[in-house]
2 protein chains.
Amino acid sequence: MADSVITLSDVAAAAGVSLSTASKALNGTDRISEATREHVRVTADRLGFRHNALARSFARGRSQTIGVLTHRASNPFTRVVLATAATELGAKERAILLYDARMEEQHDVTESILQLRARRIDGVIVIGTSTSFRTPSFTSRFDVPVINAFTVPEDPQDTTITADDYAIGRLAISHLLSTGRRRIAHLTAEPHDMAAQRRAEGAGQLLAEAGLQWAAPVRFGRWREEWGEQAATELLAEVPDVDAIFCGSDAIGRGVERVVRAAGRQVPGDIALIGVDNWESLMHDQRGTRHLTTIDVGLEEIGRRVANRLLEGDLEPGTQYVEPHVVIADTA
Amino acid sequence: MADSVITLSDVAAAAGVSLSTASKALNGTDRISEATREHVRVTADRLGFRHNALARSFARGRSQTIGVLTHRASNPFTRVVLATAATELGAKERAILLYDARMEEQHDVTESILQLRARRIDGVIVIGTSTSFRTPSFTSRFDVPVINAFTVPEDPQDTTITADDYAIGRLAISHLLSTGRRRIAHLTAEPHDMAAQRRAEGAGQLLAEAGLQWAAPVRFGRWREEWGEQAATELLAEVPDVDAIFCGSDAIGRGVERVVRAAGRQVPGDIALIGVDNWESLMHDQRGTRHLTTIDVGLEEIGRRVANRLLEGDLEPGTQYVEPHVVIADTA
DNA sequence: GTGATTTGCGAAACCGCTTTCGCTTCCCCT
DNA sequence: AGGGGAAGCGAAAGCGGTTTCGCAAATCAC
């Protein structure tokens, strides 16, 4: 153990230069001859010097930490974005300070905002829930960059990175069409849910472009497995010759699959099934075979992009969408 | 906007006391008359003063941030622990700095450790994977408290909070017995996987205590859905009158369920199914009906406890287990 | 009432680094 | 050769708190 931590002045002394020179040499700032610079660097290494990050943050007035505001951190989607962003930021020496609205209840976000400002955070990530409602705009409440993730921003000028629900819908249909399906139905969640709406819309569009129409009117219901069962039961009764079902989520897909199989139909032989969420990857992580064919909405990509854009200071206003991709498995 | 941020000296000046008095008054340290203390407090509030957390951290030498070491942050279980711990810490004004071993590959953890020390972190949380292998001990590599989460520690003296796999096994069987099942089988993952082993062991124990034995030898395989299908198929052929299956994970359970239903058995009428993981809660979050009856291993509890014990300085050596609980749904 | 404590507060050092500013020196032009 | 500008470096002023220490006044013991 090197024992007592060595400081920049130790390095300066050992290198025979002034404190300020040492600082500049190591930081690459200001005008310092390459010779001195190198010399300082070498002595610093030799002594095993590391900047005291606290002192540095204090002097610079920037904390190297990013504030994260979540609506509900226990939401599984939020978690994915959070974890990937945190990983990305951690790799770049940035800490995160998380404020979950749920923890505060009515304590008002204002308090959290003040806390974050007191911490002199360098930026803010707001993670929303994409689906049901717009997250309020925090952009003007901070004097540091704010970037939204996985949310429909209240103010379209806010810098936002989120899933592309239209593209998700189109992609699902595109995949089903490419496997030769023509009598396609769509079972999805609440009609008020924006994600559900847009996916249905995107899907309908592509279907129309292909000169087709839904084999049955789109059924809106819940995000849950049981709704999948119920909707599928009704659907099979109504349109027995359906040959593919686009399920609004993997959970719905699970319910649908059970009913379809129970009805004696082969999957995907008789009826192809495709979901959305890549639920299994949320569970398994390791690559390998999967069960339900699905659309990955790109949550991890959102987390990565949001972290990187914040660090790079790329805050171009407006919404940027990540591209979804098909994860092929056994059901389509 | 109050414009230029106000500092402690502003408060001191406004209150007509010295800087040091103001500091002590607000911190509750040292001897200050209750009158002055209150007076300073009031003026501070009036001015809307907040400590500059950076300056404070610097002066105190403690960063108010916790280092987190993960083996693979993208693992879904890790994510849950991470997110809950982060939420808990955030509520207490602590930031987290995450180092994911995957990001660093062979860059060696040593580097991360040095980084964390340079950051003057106040403590470390090591999140493991519980199952396959022991995470190396970091306790002695930091001069701050280290606490392990969801892992089998290399050194039993390390402070650790993790899932109780024996109890999980016992609980699963206990639930099946309480619903009148007697011919119970167990399909689970790799025989080398410690979690799988212990669950099987715990389950077998309780079964024995009840004077029963497995309806078929425990089948070890993989954590995957497909293995569930395969194992269930074999099981049904071998022991047609089985009346309950304890599945080593929800993923396995899903595969098992499909096969059982396809074989024309009612679930849970003919055969009850119970899994482990509470997979659906990892997906849904919102409470409400579920599909697969399962055991929740208590990941969130682990995250919470680990955060709180670290903050409270409760570092009693040894492993502490969180209690699993049954989540009743449609299959048992 | 006198000496010994205790109480309440302020002066000032300090945490370790960044950054401005000014002073030499050196180089380049004309 | 002389003057202007740039290059290289150091002194010192912060950054905004915390904390040690000392001193005066108030309190206590007897």
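Throughout, protein chains are lettered first and strands after them, A, B, ... in sequence-line order, and every chain is numbered starting at 1. Every value quoted in this text rests on a predicted model; they were computed, and no experiment measured them.
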- request: Evaluate the criterion side-chain contact (heavy atoms from CB on, under 4.5 Å) for residue pair A/Thr84 and B/Ser74; output intermediate values, then yes/no.
  value: CA-CA 7 Å; A/Thr84 30; B/Ser74 64; 6.0 Å; no
task: Would you mind building the protein contact string for nucleotides 8-18 of chain D? One character per nucleotide, 5' to 3', B for base within reach (heavy atoms under 4.0 Å), S for sugar-phosphate only, - for untouched.
output: BBBBB--BBBB
field: Geometric class of the A/His51/A/Phe49 ring pair [parallel <30°, tilted 30-60°, perpendicular >60°]
entry: perpendicular
- prompt: Atom CG of A/Leu26 and atom P of C/dG16: how far apart are they, to the nearest Å?
  reply: 16 Å
query: Can we say B/Glu111 and A/Arg50 salt-bridge, meaning some charged N sits less than 4.0 Å from an Asp/Glu carboxylate O?
result: yes
field: Lys/Arg N to Asp/Glu carboxylate O, B/Arg305 vs B/Glu312, below 4.0 Å
entry: no
field: Check ion pair A/Glu93-A/Arg62 (N to O, under 4.0 angstrom)
entry: no
